[in-house]
Structures are given as C-alpha cells and as structure tokens.
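For reference, the structure discussed in these notes is given below.
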Amino acid sequence: MTSDRPLRVRIAPSPTGPLHIGTARTALFNYLWARRYGGTFVLRLEDTDVVRSTLEFEKDILDGLHWLGLTWDEGPDVADGPDRGPFGPYRQMQRLPSYEAAAQSLLARDLAYPCYCTPEDLDADRKAQEAAHEPPRYVGRCAHLTTEERSAREAEGRRGALRFRVPPGPVAWDDLVRARVEIDSANLGGDFVIVRADGTPLYNFTVVVDDATMEITDVVRGEDHVSNTPKQILLFRALDHPEPRFAHLPLILNPDRTKMSKRKSQTALADYIDQGFLREALVNYLALLGWSTGTEEEILSLSELEQRFDIEHVQRGGAVFDRERLEWLNGRWIRRLAPDDLVDRLRPFLERERAAGRIDQIPGDDELRALLPIVQERLPTLGAIGDLAGFLWVAEVPLDPALIVPKRWD
RNA sequence: GCCCCCAUCGUCUAGAGGCCUAGGACGCCACCCUUUCAAGGUGGAGAUCAGGGGUUCGAAUCCCCUUGGGGGCACCA
C-alpha cells in the first residue's frame with residue numbers, strides 16, 4: 001500500500017492552548033520515528049479554529065518544541081515566521097484553497113452535500129436520541145434535498161455546511177501498535193460536517209487533505225484519535241489517495257488513570273521548564289512513557305533514543321505520569337551536566353529569584369562554579385537553587401533565636 | 001446509551017510457550033558512607049502476572065468468556 005513511498009511523519013499541533021506535555025510526547029515519538037527509520041519529520045499548524053487559535057500559543061508551541069531539541073525538516077520555525085519545505089504553506093489557514101478544491105471535488109461527485117440544519121435542529125435531534133437511548137448521529141435530513149430545495153434555501157440566505165456522505169460497511173486498518181482495528185461506518189455518527197457554514201474547513205477534513213498532499217505515510221498520534229481514523233480513511237478513499245499507516249500511541253494519564261488533563265495534572269510544558277526541568281530529563285522521561293528499550297537501560301539522551309527507538313516496544317495501555325520519577329531523572333541529568341553548562345542553566349533561575357526579591361544579588365560565574373560541588377548533587381530541579389542556596393545572596397539573613405537550639409555532641 | 005481499545009509490584013516497565021520460585025527502575029523501609037541535608041552503595045518489603053475456562057507434556061506469554069479500567073461519540077482539535 002504505502003510501503004514504497006518515502007517515509008514521512010508529522011506533528012500537527014493546534015495553537016489553541018500552550019504546548020501540552022502529551023503533544024510534546026507525540027512530537028517526540030514522531031521525531032524518533034523519522035530519525036530511526038530514515039524519514040522526514042513535518043510540522044504543520046492546525047489553526048482552523050480561528051476563534052481559539054492565537055499567535056501567542058503558536059509561539060509557545062514552537063518554542064517548546066525547539067527547547068526540547070526536536071528539529072523538524074519542514075514547517076514553520078518561528079511564530080508568524082516563514083515556512084521551510086516543498087509542501088508549504090504549513091499553516092492550515094493559508095491552505096484554504098486546497099480544502100476548497102477538495103470540497104468541490106467531493107460535492108461534484110455527490111460524495112458530500114450541503115446541509116442546512118440549524119444548531120437548534122441538531123440539538124433537538126440529539127436530545128431525542130438521548131431520550132430514546134440511541135447513540136447520537138446525524139439523521140440525514142438534508143442528505144437528499146433536490147436541486148430546487150437547495151436553491152430555495154440559498155435564496156432564503158441560508159448558507160449550508162458541507163457534510164460528507166458516510167458509505168455503509170466496515171472500515172478496517174492494521175494499526176502499527178494495536179494490530180487490526182475494525183469499525184463499522186454505521187457507528188460513525190452519520191454523515192459528518194467537513195466544512196462549516198461559514199466556509200471554514202473542519203479538522204477531520206483538513207487533516208486528510210493535508211496528509212494526502214504532504215504525502216504523509218505514517219500517522220503517529222494519540223489513542224484518542226482512533227475513532228477519527230475510520231472517518232479519515234473514508235475521506236482518503238473519497239479523495240482517491242492511498243491511506244497512510246496509522247499508529248495510535250497510548251495516552252498519558254492522570255494519577256486516577258483518566259486522560260491527562262490540566263485540572264488534575266500539570267500539562268503545560270512551559271510550566272516544567274519554569275520549574276527547572278532539563279530538556280534531557282523531559283525527553284528521556286517522555287520517551288519512556290509508553291515505550292521501553294526492551295532492556296534495562298533507562299538514562300538515555302535524545303541521540304541515544306534516536307538509535308534505539310522501535311515500534312515493537314511501544315506499549316498499548318495508557319501510562320500514568322509519575323512526577324516523582326521525572327524528578328529523579330531530572331536529578332540524574334543535573335548531576336551529569338558539565339559545571340559551566342550547569343552555571344549557564346542556573347543563571348535564569350537566579351535572575352528570577354532576584355526579580356522576585358528573594359535574593360539581593362546574583363553570584364558571578366566563579367562563585368557559582370565554586371559552589372557547584374556541594375549544590376549539584378542536591379538539586380532536584382534548577383528552580384530549587386533559591387531554596388537551597390539563596391541565603392548566600394541576601395543582604396541580611398533573618399535569624400529567629402527560637403529556631404537556634406543548642407546541640408549536644410558526644 | 002452506543003462504538004472501539006486496554007489489562008505484569010502503588011507507578012513506569014522487562015517478558016513474544018519451558019531461561020520466571022516473574023527481572024529492572026521510581027517511590028517506600030533498613031543499613032553503610034556522612035557532625036546536617038543530599039548524592040552514592042548494599043539489602044528488604046512489594047505482583048497467586050485482574051478472575052474463570054480452554055489449547056499444550058508445559059502459559060504471564062495462544063484462544064474464549066467474565067470483570068475492571070480507559071478513549072471516543074461537535075458546524076473543537
């Protein structure tokens with residue numbers, strides 16, 4: 001099917017929030033996939049949710065990925081900056097004409113049709129189905145409108161959304177991590193919308209159009225996307241494009257084993273950076289969440305991971321994010337740092353301490369380097385430097401006599 | 001409710017029929033080192049491999065069922 005095409009993978013973040021630790025891991029796996037199996041790693045920004053997408057988030061995501069050391073071969077490098085690569089642009093809002101063309105093609109072949117149902121109609125349908133204990137699905141009210149009926153609605157000024165006609169029958173694929181998965185298209189919720197009434201395309205549609213034109217051969221993403229996969233496969237077929245292989249990674253979990261969420265866990269990569277986690281530790285930890293070397297090695301650098309990564313050892317079940325283990329790994333990596341490197345990395349944290357008024361002066365490189373022998377092995381994170389040694393750089397150490405207790409020696 | 005997936009110590013995992021009286025790591029406990037705290041070292045507790053049926057001379061590993069857990073069901077991505 002696709003084995004003869006050169007390997008291409010991608011990470012397709014949506015700038016609707018700060019870089020999520022789960023997105024970072026998916027990016028890492030795609031990166032390792034490309035490096036290990038000799039492929040091209042593409043970054044594409046999925047910004048079609050215009051209401052929620054911001055330049056600020058775009059920057060956070062690109063910066064975070066760069067910070068981790070993951071380099072991509074094609075795509076935008078900086079927020080609002082230019083793209084690299086032969087398949088640009090790599091921001092979906094700049095690719096609107098290609099979705100429009102694909103939509104027209106589907107429409108022309110009656111593989112898709114305009115739907116004039118209002119949100120109220122849809123809501124009522126959903127409620128009725130819920131009351132009848134039926135799964136929610138589009139009832140197909142607009143599936144067979146005549147040309148006259150359509151133009152009548154257009155004449156009323158109503159703009160239709162475009163729905164893809166879901167063909168009956170089972171859809172199956174051989175998932176690279178979980179073997180064969182088969183889903184009957186009857187369970188897909190009916191004909192789904194691919195273009196909003198306002199003309200902007202939707203996720204399931206843009207991914208397929210882009211993955212097709214960007215010649216993506218392996219779609220490596222989170223398990224939460226398995227239910228989207230049959231829809232996307234159907235679209236690939238409708239667009240007469242070979243389907244890519246799919247690999248669904250296990251989810252990163254909260255301690256209660258539900259999908260990792262902001263409510264229950266710290267999910268923004270930027271927060272880990274702020275607290276003084278090293279990129280080496282994060283990369284190492286994330287790689288080991290849902291994957292293992294198959295051996296007992298566990299302290300691994302990015303380049304070592306690039307050499308060892310394999311699809312066979314990707315886990316099927318979700319993995320709880322264990323912050324204590326991350327901290328332990330972080331300590332290991334801090335202790336591995338060369339003195340000058342550690343001094344450099346500590347600097348921003350000292351500056352922050354001073355900005356916050358917790359210390360009065362920042363030590364020079366020599367002083368800091370001299371301190372390293374007793375500090376390096378005690379630092380769980382770079383951010384701990386203030387608590388550990390901050391008293392050295394304050395003008396006056398407040399002493400509470402009550403805390404000073406006489407000590408008896410043998 | 002419907003569809004799909006998953007299932008080895010608390011957690012991350014090794015394990016692809018005999019090497020498993022199930023190995024490693026985090027965390028936990030103890031000891032050593034140490035005039036504190038760490039780091040490091042050594043040892044320990046911790047999994048009847050979710051349960052039940054098969055298949056096999058032999059199953060954590062293969063099959064089936066049950067149970068449990070999770071994910072998804074938008075004009076979000």
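Each chain gets a letter, A, B and so on, in the order the sequences are listed, and its residues count up from 1.
With hydrogens and angles left out, the side chain of A:R316 and the base of B:A7 share no donor-acceptor pair within 3.5 Å.
In this structure, A:L188 reaches neither bases nor backbone, as no heavy-atom distance under 4.0 Å exists between it and the strands shown. No contact: A:G189 has no heavy atom under 4.0 Å from any strand. As judged by a 4.0 angstrom heavy-atom cut-off over every strand, A:E312 is placed among residues making no nucleic acid contact. Within 4.0 Å (heavy atoms only), A:N228 reaches at least one base atom of the nucleic acid.
A:R323 places its CZ atom 23 Å from the P atom of B:G10, with the value rounded to the nearest Å.
B:C31 is paired with B:G41 under the criterion used here, namely a Watson-Crick or G-U wobble arrangement in which both key atom distances are under 3.5 Å. When both distances must be under 3.5 Å, the Watson-Crick or G-U wobble mate of B:G10 is B:C26. Checking B:U56 for Watson-Crick or G-U wobble geometry (two distances, each under 3.5 Å) identifies no partner in any strand.
Side-chain N/O atoms of A:T295 include none lying less than 4.0 angstrom from OP1 or OP2 on B:A14.
Across all non-hydrogen atoms, the minimal contact from A:F164 to A:L111 is CD1-O, 3.4 Å.
Comparing A:R163 and A:E324 against RNA chain B, the residue whose closest nucleotide sits nearer the 5' end is A:E324.
A ring-centre distance under 6.0 Å is not found for A:F236 and A:F205.
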